[in-house]
Protein chains: 2
Amino acid sequence: MSEDAIFRNIPQFTVLRFARYLNFLVNLPDVVEEISSSEMAGIIGIKPTQLRQDFFTLGGFGRQGKKYNVRFLIQRLGEVLALQQPQDMVLAGVGHLGQAIANYQGFERFNLVLKGIFDVNPKMVGLSIRDIPVRDLDEMGSYIQQHKIRIGVICTPHHAAQNVCDQMVEAGVRAIWNFSPENVTVPEDVVVQNENLSVGIMNLSYRLNRELP
Amino acid sequence: MSEDAIFRNIPQFTVLRFARYLNFLVNLPDVVEEISSSEMAGIIGIKPTQLRQDFFTLGGFGRQGKKYNVRFLIQRLGEVLALQQPQDMVLAGVGHLGQAIANYQGFERFNLVLKGIFDVNPKMVGLSIRDIPVRDLDEMGSYIQQHKIRIGVICTPHHAAQNVCDQMVEAGVRAIWNFSPENVTVPEDVVVQNENLSVGIMNLSYRLNRELP
DNA sequence: TAGATTGTTAATCGATTAACAATC
DNA sequence: TAGATTGTTAATCGATTAACAATC
C-alpha cells in the first residue's frame, strides 16, 4: 500500500477535526511536549474516544500507555492535510473582508502563502497589503497561469463572485475558497469551500434560542 | 404540542442547512416566486431528497405536486432559526477581521444588529464604524448589562480571547461567536460557535491534494 | 506490579438516500 | 388524465461511542 493510499477515504468530519487538532497544537506553548487524548479532547470539546478513533484512521499516532508527542502530531497532521509543501494563493476583492483575509497572519504557519491580490476598483489598484501589490482584476488570469496558482480566494460582492470564480478556474485554479454569500458552481475537478459568514451566526441564533434551557 | 416543541431536536446538520437554504433564498431575485426541491438542491449542491427530508422535520413546508413558495419558505426558516425578533450583538477586537465583521452588511437582513464595539487600543477608541462608536473594553461589561445583550463576537488576538469571553459571559452574554484561533471555554448555559479561518483552508488543502484525481 | 494511556473492535446512534404514495 | 412535484416511510450508509485488550 502506497503512502498516498492511506490518505484516501478519511471520513470528512475526521478531516475537519484533523484541522482543528493541528490548529490547537501549533498554538500550544513550546514547553508542552506531550499531551493525552483526554486533555486535548477536553479543550476542543469532543470525547477522547473520538479523537483516538480519528487518529486510528491513519494507523494510530501514538503508543499504548504513552501520551502523544506534540511535535510528531503536528508533523504528521501537516502531512495528512498536505501542508508540507508551500501552496500559493490569489485573492480577488479587496473590500473590508478581503483586506482582513489578506492581512491575516495565521495562514503562513501552515505553508499557505498569498501571492497575488486583485480588484476592479482603480482606487485600490496600486496599493499594497503586507507588501503584496493590489493588481487590476484583468491581470488575474495571466498571473495565475504564470505562477501556476492552484488556490483562489473570493472576497468580492455577491454579484461578481461567479464571474471571478470562472476566471480563476479558467486560468488553472483547482480550489476555491469562497467568502461571498453566492453559491458558486465549478467543474467536477475543482473543489469549493464556502465560508458564508451568515450561516455561522444563524446557527448560533438557533442554538441560543432553541437549544438553551 | 406547543409551537416551540416542534423546534426542538432538529438534527444539527439540518439546522446548518436551514441556514444555507435561507441565505440562498434571500439572495434570489424578487421575481422568483416559487422553487422546487431539485432546483434549490442543485444550486446548493445537495440531493433534493435531503432537502425534502430536512423540511419534513418541521412537518413539511409545501404541498405535493406544487413547488415551494419562496416568501413562505423565507418566513418559516426565519422563524425556525429564531430570527423573527431583532437580536443585538457586541463585538470585541477591532483588528482587520473585527473591522470587516463590523462593516459586514449581511447580518441586518437577518435581524442581527451590532450595537457596541470595544477595543483596548486607545487609538481605536473614539473612532466610529458605520456610526457605531468604538468604546474602551473596560466599558463592555456594563454596556452588555445595560442593553441586555445576549450575543458576543470575539475578534481579538488569540491571547486575549478567553479573558474577553469571560467578561462577556459574566455580564450576561449567552452566545459567543469566536473568530480567534483560541478554543474558548464557557459554562454549560452558554453556546459557542468557533469560526476559525485556518480550519477552512486546511480542509480545502486536503480536498485539493488528496481527493482530487 | 499498578496505573495510565492508546489501539482496535463491535455496538449504537444519527444522517442520508431510495422508493413510492399522495397531491396538485 | 398525465406529468410534476412534495410528503413520508424504510433501508442504507456513515459517524460516534463503549468496551476492553495491549502496551508503557
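Naming convention: chains lettered A, B, ... in sequence-line order (proteins, then strands); numbering from 1 in each chain.
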Write down the distance between CG (N9(B)) and P (dA15(C)), rounded to a whole number of angstrom.
11 Å

Aromatic ring centroids of F18(A) and Y206(B) under 6.0 Å?
no

Below 4.0 angstrom, which residues in residues 28-50 of chain B have at least one non-hydrogen atom near DNA chain C?
K47(B), T49(B), Q50(B)

In whole angstrom, give the distance that lies between atom CZ of F61(A) and atom P of dT8(C).
13 Å

Which word best sums up how the rings of H147(A) and Y143(A) line up, parallel for under 30°, tilted for 30 to 60°, or perpendicular for over 60°?
parallel

When you check the side-chain N and O atoms of N209(B) and Q87(A), is any donor under 3.5 Å from an acceptor?
yes

L51(B) atom CG is separated from dG7(D) atom C1', nearest whole Å, by 13 Å

Dot-bracket pairing map - DNA chain C, Watson-Crick plus G-U, both contacts under 3.5 Å, | cross-strand:
..||||||||||||||||||||||

Test I176(B) against every option in V191(B), N194(B), V164(B), V186(B) by the side chain to side chain contact (heavy atoms under 4.5 Å, CB included) rule and name the one that passes.
V186(B)

If you compare every side-chain N and O of R17(A) against the phosphate oxygens of dA15(D) (OP1, OP2), does one of them come in below 4.0 Å?
no

Verify the ring-centre separation between F13(A) and F13(B): is it less than 6.0 angstrom?
yes

In this structure, CD1 of I144(A) is separated from CD1 of I149(A) (nearest 0.5 Å) by 7.0 Å

When you look at L73(A) and Y21(A), which way does the side-chain contact (heavy atoms from CB on, under 4.5 Å) test go after all the steps?
CA-CA 9 Å; L73(A) 233 45; Y21(A) 301 150; over 6 Å; no

Could you state the CZ-C1' distance from F56(B) to dT17(C), rounded to the nearest angstrom?
15 Å

Specify the separation, in whole Å, of atom CG of L16(A) and atom C1' of dG14(D).
15 Å

Which atom pairs link the protein and nucleotides 22-24 of chain D when you take only N or O atoms and keep those under 3.5 Å?
residue: dT23(D); atom: O2; partner: Q64(A); partner atom: O; Å: 3.3
residue: dT23(D); atom: O2; partner: G65(A); partner atom: N; Å: 3.3
residue: dC24(D); atom: O4'; partner: Q64(A); partner atom: O; Å: 3.0

Atom-to-atom span, NZ of K67(B) to C1' of dG7(D) - whole angstrom
18 Å

Nearest-nucleotide wise, let me know which of Q53(B) and G60(A) is further upstream toward the 5' end of DNA chain C.
G60(A)

Quick one: label F55(A) by what it contacts on the DNA or RNA (base, sugar-phosphate, nothing), any heavy atom closer than 4.0 Å.
nothing

Under 3.5 Å, side chain of D166(A) to main-chain N/O of E170(A), donor-acceptor pair present?
no

With heavy atoms under 4.0 Å as the rule, sort F13(B) into base, sugar-phosphate or nothing.
sugar-phosphate

How about L25(A) and M40(A): do any of their side-chain heavy atoms sit closer than 4.5 Å?
yes

Residue-phosphate contact under 4.0 Å: R52(A) side-chain N/O, dT17(D) OP1/OP2
no

